[in-house]
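Numbers restart at 1 for each chain; the letters A, B, ... are given by sequence-line order, proteins then strands.
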Amino acid sequence: MPKKGREMRLSKLFGKTLRQTPAEAENVSHQLLLKAGMIHQLAAGVYSYLPLALRALQKIENIIREEMDAVGGQELQMPVLQPLEMWRETERDLAFGKGLFTLSDRRERALVLGPTHEEVITELVKRNVQSYRDLPLLLYQIQTKFRDEPRPRGGLMRVREFGMKDLYSFDTDEEALNITYQKMIGAYKRIYERCGLDSVVVEADSGAIGGKESHEFMVIAESGEDVILNCSKCDYAANVEKAESVKPRGGEGGGGSEKGEMLPMEEVATPGKITIKEVSSFLGIPESQTLKAVFYAADGEVVFVAIRGDLEVNEVKLKNALGCHELRLAQEEEVAKAGLVAGSASPLGLSGVKQVGDPSITLGANLVAGANKPDTHMRNVNYPRDFTVDLLVDIATAQAGDGCLRCGAPLLTTRGIEVGHVFKLGSFFSERMGATFLNRDGVARPILMGCYGIGIGRLLAAAIEQYHDENGIIWPTPIAPYQVHLCPLSTDNEEVAARAESLYAELKREGLEVLFDDRAESPGVKLNDADLLGMPLRVVLSPRTLKTGSVEVKMRGEKEVALVPMKGVSGKLRAMLF
RNA sequence: CGGGGCGUAGCGCAGUUUGGUUAGCGCGCAGCGUUCGGGACGCUGAGGUCGGAGGUUCAAAUCCUCUCGCCCCGACCA
């Protein structure tokens, strides 16, 4: 629990509720946090947390701490300020690119504000671990991270400075790492559950963190930035960035089936038809009967990408396949310079350009592809009879309706907020930085690592996305800033005021966390604020309830109110809360 | 970085097209009074470098140039 008091008077609380929702806010969580006076923006993606939000954050942190400690994690704290040198050592300065906040000190030494701490912890562990006897080891911190996001967004959803719990694991071998990894997944599930959140685990791409296996924890929400594909039948679920699927067969008829006989290539005029849609409808064939050509610049080099016309290129997969740091669509000049004709570009007879193909181009026969001259396409193009590629790998974006790779049932899509991400790093960092241990046989081996992150503020925002109504936040009790919102009406009535004070004192004494609305506001204002601020239990006291010697009690998430006798009320409240 | 939008009081906005007195409105804020179970009412009052710099003009929130910042949509991530 937060170390600060268990109680607060609303008249003294720093942070005021707003009547109107600030215009810049788009997501519900952002709007409510702002309207409730819980956060304040200082710059794009940079926020202050006011007392109420901080308390919720601290509660989340404490739940995380307990679960990390429960699986043997030891808390420590590492520096935000890190030498850039260290990032060069692992080449992650390139992987993070512009996302790294860099600065220099008075001696012109280059420093970064840490976006994550693999390098720092590896260096630290290297100095402290020599033997297999020191392993396994789980170290974590809750620390502010800095990432110069291209586009901060959605209030607390995507910010440039944020609190994160990051745990790093160190094991002797693959098997031990797997055990640790599973243990951490279990701990994560418990964390979200304890925070009152519904979460799902999905397979994920590991991005700039590196490593081979990776999972994300998602809170399902319309406003989520991530698209998840999950099987309608089995438990397969993955981020689109990673998701693999069985593509629908090529178009029926038109020789598109894989059994179709390969016909001789022939030129066909397609005046002014550039896009797949235009070409396919002009020729009266399904999009899956065409071959789409897309050009990328991978670290500056033009790459030709071929995929079946009805599919989309998955840039994350492509980036991984190419092993490049920066990937973007190529510019027109770059395309022209490579000898390609946009709109009618073709892999046919192409040379001097790196070519990547998606296996979908091998599924059908007799596709229509560009002829690499204006207004012209080629019919009956077949792989590998007519062209080949340098790299044939899955680079297609999985779509709803595709088949599940495991069981064949159709895949579905939903959106989610990524509230946690775990990675098997393996020996990536330990090898580059020389973090080794001596095994039983006295042989030096690289330590196998894993890393496990949770964005605290994002988790808070996700909770609000999941739990709110048109009037405000509905905090899950475990992360609510206070448990009880004590709301006397007509405080100029002396009896009400006196009873409210004594009830406030009693609830505090009983160990409940109470937010006491002692303001001389009208009932409408107070009740609306109570809904907005969203404490789980509202206790109203008024001349009306006093007549019967009771208070009115209501759970924030429910409609029904109940009159509870003043006598022994705290016990009743406790029962409702826990 | 590409595309779109916006900067006027703590918040929400009008005024800018067509330059022209002391720059308005609602909410909030301060004081007094009346109210008191779902954002009450009256009276009085405080609060503004019109994002910034430069320019045009007798005169600039308004026109021109530059610049800074913020939001949204796309490429990145907890």
task = Output every pair passing salt bridge (Lys or Arg N to Asp or Glu O under 4.0 Å) with a member in residues 18-39 of chain A, not counting sequence neighbours, ordered by first then second residue.
result =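 Not a single pair qualifies under salt bridge (Lys or Arg N to Asp or Glu O under 4.0 Å).
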ask   = Does anything in residues 313-322 of chain A pair up under salt bridge (Lys or Arg N to Asp or Glu O under 4.0 Å), and if so which pairs, sequence neighbours excluded?
value =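 Only A/Lys317-A/Asp394 qualify under salt bridge (Lys or Arg N to Asp or Glu O under 4.0 Å).
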When rounded to the nearest Å, what value does the distance between [atom1] atoms of [N] and [M] take?
N     : M     : atom1 : value
B/G45 : B/C50 : C1'   : 23 Å
B/G26 : B/A9  : P     : 16 Å
B/U49 : B/U8  : C1'   : 12 Å
B/C68 : B/C58 : C1'   : 31 Å
B/A14 : B/A61 : C1'   : 12 Å
B/U16 : B/C63 : C1'   : 10 Å
B/U17 : B/G12 : C1'   : 24 Å

inquiry  = I want to check a possible cation-pi pair here: A/Arg147 against A/Phe162, using under 6.0 Å from ring centre and within 45° of the ring axis as the test.
reply    =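 Judged by the rule, A/Arg147 and A/Phe162 form no cation-pi pair.
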request  = Check side chain to side chain contact (heavy atoms under 4.5 Å, CB included) between A/Glu494 and all other residues, then give those that pass, not counting sequence neighbours.
outcome  = none
inquiry  = The criterion is side chain to side chain contact (heavy atoms under 4.5 Å, CB included); which residues satisfy it with A/Ala243, sequence neighbours excluded?
reply    = A/Leu229, A/Tyr236, A/Ala238, A/Ala398
message = For A/Tyr181 and A/His215, take the angle between the two ring planes, folded into 0 to 90°, and tell me which bin it lands in: parallel under 30, tilted 30 to 60, perpendicular over 60.
response =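 A/Tyr181 and A/His215: tilted rings.
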query = Where does the angle between the aromatic ring planes of A/His30 and A/Tyr47 fall among parallel (under 30°), tilted (30 to 60°) and perpendicular (over 60°)?
reply = perpendicular
request  = For RNA chain B, find the residues of residues 490-498 of chain A with a heavy-atom distance under 4.0 Å and give them by number; none if there aren't any.
outcome  =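 The answer is A/Ser490, A/Asp492.
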message = Heavy atoms within less than 4.0 Å of RNA chain B: which residues of residues 538-551 of chain A have one? Give them sorted by number.
response = A/Arg538, A/Val540, A/Ser542, A/Arg544, A/Thr545
Round to the nearest Å and state the distance from [X] atom [atom1] to [N] atom [atom2].
X        : N     : atom1 : atom2 : result
A/Tyr192 : B/A78 : OH    : P     : 11 Å
A/Leu460 : B/A78 : CG    : P     : 19 Å
A/Arg556 : B/G38 : CZ    : P     : 17 Å

request  = Check whether any side-chain heavy atom of A/Arg190 lies under 4.5 Å from a side-chain heavy atom of A/Val71, and answer yes or no.
outcome  =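 They are in contact (side-chain heavy atoms under 4.5 Å apart), so the answer is yes.
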Across all strands shown, which nucleotide pairs with [N] by Watson-Crick or G-U wobble geometry, both distances under 3.5 Å?
N     : value
B/C63 : B/G55
B/G69 : B/C6
B/G26 : B/C11
B/U16 : none
B/C1  : B/G74
B/C36 : none
B/G48 : none
B/C43 : B/G31

Within the 4.0 Å heavy-atom criterion, would you say [X] contacts the bases, only the backbone, or no part of the nucleic acid?
X        : result
A/Val159 : base
A/Leu489 : base
A/Lys145 : nothing
A/Gly99  : nothing
A/Glu241 : base
A/Glu216 : nothing

ask   = Per the side-chain contact (heavy atoms from CB on, under 4.5 Å) rule, which among A/Arg9, A/Met8, A/Lys526 passes with A/Asp517?
value = A/Lys526
request  = Between A/Val316 and A/Lys16, name the one whose nearest nucleotide on RNA chain B is closer to the 5' end.
outcome  =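 This one resolves to A/Lys16.
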task = Tell me which of A/Gly453 and A/Leu527 sits closer to the 5' end of RNA chain B, going by the nucleotide each one is nearest to.
result =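 The residue closer to the strand's 5' end, by nearest nucleotide, is A/Leu527.
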remark   = A/Asn528 meets the side-chain hydrogen bond (donor to acceptor under 3.5 Å, both in side chains) criterion, sequence neighbours left out, with none
query = Excluding sequence neighbours, so at least two apart, what forms side-chain hydrogen bond (donor to acceptor under 3.5 Å, both in side chains) with A/Arg556?
reply =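 Expected list: A/Asp469.
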ask   = Given A/Gln141, which of A/Gln77, A/His117, A/Gln74 fulfils the side-chain hydrogen bond (donor to acceptor under 3.5 Å, both in side chains) condition?
value = A/His117
message = Please encode protein proximity along nucleotides 39-45 of chain B as a string of B, S and -, counting only heavy-atom distances under 4.0 Å.
response = BS-----
ask   = Among all residues two or more places apart in sequence or in another chain, which pass the ring pair (Phe, Tyr, Trp, His ring centres under 6.0 Å) test with A/Tyr192?
value =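 A/Tyr192 satisfies ring pair (Phe, Tyr, Trp, His ring centres under 6.0 Å) with A/Phe217 once adjacent residues are dropped.
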task = Please confirm whether any donor atom in the side chain of A/Gln20 sits under 3.5 Å from an acceptor in the base of B/G28, or the reverse.
result = no
query = Under 3.5 Å, is there an N or O donor on one side and an acceptor on the other linking the side chain of A/Arg158 and the base of B/C77?
reply = yes
query = Do the charged groups of A/Arg158 and A/Glu149 touch, with an N to O distance under 4.0 Å?
reply =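 So A/Arg158 pairs with A/Glu149 through a salt bridge.
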ask   = Should the pair A/Asp205-A/Lys242 be classified as a salt bridge under the 4.0 Å nitrogen-to-oxygen rule?
value =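 Answer for the salt bridge query: no.
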Please write out each protein N/O paired with an N/O of nucleotides 68-74 of chain B under 3.5 Å, distance rounded to 0.1 Å.
from	atom 1	to	atom 2	distance (Å)
B/C70	OP1	A/Ala44	N	2.6
B/C70	O3'	A/Gln41	NE2	3.4
B/C71	OP1	A/Gln41	NE2	2.7
B/C72	OP1	A/Gly154	N	3.4
B/C73	OP2	A/Arg151	NH1	3.0
B/C73	OP2	A/Arg151	NH2	2.7

task = With sequence neighbours excluded, tell me which residues meet salt bridge (charged side-chain N to carboxylate O under 4.0 Å, His left out) with A/Arg153.
result = A/Glu225
ask   = Within a radius of less than 6.0 Å around CD of A/Glu75, do more than 12 heavy atoms belonging to other residues, nucleotides or ligands occur?
value = yes
request  = Report the nucleotide, chosen from B/G28, B/G37, B/C77, that has the shortest atom-to-atom distance to any side-chain atom of A/Glu552.
outcome  = B/G37
